[in-house]
Each structure stands twice: as structure tokens, then as C-alpha cells.
Amino acid sequence: MSQTKGRVFSGARPTGRQHLGNYLGAIRNYVAMQDSYECIYCIVDLHALTTLENTGMLREWTYEMALDWLAAGMDPDRGTIIFVQSHVPQVTELHTILSMVTPLGWLTRLPTFKEKVRQQPDNVNYGLVGYPVLMASDIALYKADTVPVGVDQLPHLEFTREIVRRFNAHFGDILIEPQAKHTEFTKVLGTDGQQKMSKSLNNHIEIAATPDEITQRVMGMVTDPARRYRNDPGHPEVCNVYSLHTFFSPGDYERIEHECRSAEIGCVQCKRLFAQHLSDYFAPFRERRAALAENPDHVWDLLTDGARRASAIASETIAQVKDAVGLP
Ligand code: TRP
């Protein structure tokens, strides 16, 4: 692989079938970045271990997520490396070495860590504290110079940059200090119109949902709360269904906005339209996904091949790091 184009690395925890929030927030950016970067995308199963009590779903969730990624157009045939974090164990070596240049206070002060402590006070494990060191190891191991991040991950990227600078200051210019790429990470609300779309809140719509499942979920969506009667004028600017129309109904949303404001269409009709557009939008995706799912072994083979290619880069970095540190 040449490094002239700039190298992107991003990771996501295996959460199974992806939803509209994952799609608009991450996947479509991952696909688009393939046009201008060499891309490495990782399913970070080791990171998932820091918060999961029940690990029995990891294999299935990894597989389902890989299916969604591949069917959405993250494409090994375009040079993109897609792999599972634990398949390239060099990352744990780098994690150990980087942990020696990481002041503990930096980790415990991170807002992401404090949030986790609030969320799981009975499971503040050592791995959880080291979560950002593992993430820094991901990025540094593959010598990525660009990392797409949303605001929630910015502290982790800043941390990565500091660790890389610290390592390089001690041991020489080995690792690359990555830049954050502020892609527009759209925040998608769930079907409740209140909270962020998430699988754990069950307010999500899967991108692999069948047309019937889509209709069922969409018809249950909360719309403009101030529009109580069919003849009340609507307020698209506060309606979650409308904001999703702007993504998935490109030829239609201006008309819908107008007809909502003037009460020419009601919420039920608006949602029917949305369900139809959403279903049409993901129809080619569903077809590709079904074709891939016919042969699960092939999907695992693609991931194995991704790990093989990732490993070639990782081995080189680890050799340089060990040498620089002075390990015999
Ligand atoms: N911490 C990220 C998240 O929770 C996942 C992640 C792990 C990641 N390693 C990464 C993201 C490397 C970007 C780059 O979403």
C-alpha cells in the first residue's frame, strides 16, 4: 500500500445489525472516504469486552455488522481493509508498551471514563481504564494519519495524539500523530423523537429491516408534538420524521415540508411516504446483503483476508517500536 493518499483508520464496536443512526453517523462516511483515502476499518471486539457482561453475542454481532458494512459499500475490492481487531493480536503488544508511557491521571480524568464509571459502577475494570490506550494502539499500529471522529470521540483522539507525541519524544519518530477529520456526524433521534437512536433503547430502525418491518417501525414514530389534529399546521423543523425525509426522500422533501406546514398532508400520510422512501433507498442494499448472507464462510474469509493485510502493516510497526524501545 502506498501512503501518498493519506490513511484513514476507524473502529466501531460490534453491535450487530446497524441502524439508521449508525448509517448516517458513520457508515456512509466510511464509504465516501474510500474515494480519497486508503481506508482501514476495524470491528473492535476487544474494546467491546470492556463493557459487555455477556460476551456470547460477540461472534454473531461481528458477523451481522460485517454484512451491513460490506453490503453498504465498504469494499475490499477497492483496497479497503476490513477486519476484526482481535485477529491482529499485535495491537495488544502495542497496548502494553504504550501503557508504560501513559500517566494514569490522564486516563481517569477523561470524560468518557467518568461517564462509564457512572454507567457501570460495579464493573470498573482495568481494561475500561485502558480503553483509550487500546484505541491509541489501533490508530498508531496502522500508522493512520486521519481518523474520522464525532464529538464524543474527540477526547480519545486528543489523548492518542498526546501519547504518540510522548512516545516519539522518548524513543524517536516512530509513530504518526493522527489528525481528526471532522466529518458531519449526524445525530439521529430514535423513533421516540426524544433520545438518540440506539439498539439498547429499542427506538431504532435497522438498515437491513424488511419493507414490512420498516413500515411497522415508521408508523410508530413520534412526529411534531404540537400537531394534535389532522388539520393543525405542522412544524417540520421540530419533526424527527421530517428531518429523516431530508436524507432519504431527496426528490420529495421540499414538497413534504410545504404540505405539512399547510396541513395538506397529515402525519400518517407523511410517515407512509417516509416508509416507502426508506424501503426504496435500502432496496439495493438489502439485495447485496442477502447475496452475501448466502455464504457466511465467504464473509468470514473476507475478514480473515483483511486481518492478513492489516497484520502485514502491524508487524512492521511493532518491529520498529520494539527496536526503538530497546527490547532485546
Ligand atoms: N472508541 C470508539 C467508539 O467507541 C471505537 C474505536 C476503537 C475507534 N478504536 C478506534 C474509533 C480507532 C476510531 C479509531 O466509538
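Atoms considered below: every heavy atom in the structure, side chains included; atoms not considered: hydrogens, waters and symmetry mates. Both ligands and their constituent atoms are indexed starting at 1 by order of listing. Note that the coordinates shown come from a computational prediction; the quantities given were computed from them, not determined experimentally.
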Would you please classify the geometry between the F171 ring and the F167 ring as parallel, tilted or perpendicular, with 30° and 60° separating the classes?
tilted
Among all protein non-hydrogen atoms, which one is nearest to atom 5 (C) of ligand 1, and what is the separation to 0.1 Å?
G11 O, 3.4 Å
For F9, the ligand 1 atoms with a heavy-atom partner under 4.0 Å come out as 12 (C), 14 (C)
Go through the side-chain N and O atoms of N295 and D297 and say whether any donor and acceptor fall under 3.5 Å apart.
no
List the closest protein heavy-atom neighbour of atom 10 (C) of ligand 1: residue, atom name, distance to the nearest 0.1 Å.
M135 CG, 3.5 Å
Under a 4.0 Å N-O cut-off, is there an ion pair linking E64 with R289?
yes
Nearest atoms (heavy-atom pairs only) where L110 meets P132
CD1-CG, 3.5 Å
Per-atom contacts of ligand 1 with D138, taking only distances under 4.0 Å to non-hydrogen atoms:
7 (C), 9 (N), 10 (C)
Part of V149 with heavy atoms under 4.0 Å of ligand 1, whether side chain, backbone, both or neither:
neither
Smallest separation among heavy atoms of L157 and P178, with atom names:
CD1-CG, 4.3 Å
Under 4.0 Å from any heavy atom of V44, which atoms of ligand 1 are there?
7 (C), 9 (N)
One finds that the ligand 1 atoms under 4.0 Å from a non-hydrogen atom of H47 are 7 (C), 9 (N)
Among all protein non-hydrogen atoms, which one is nearest to atom 3 (C) of ligand 1, and what is the separation to 0.1 Å?
Q153 NE2, 3.3 Å
Do the charged groups of R261 and E257 touch, with an N to O distance under 4.0 Å?
yes
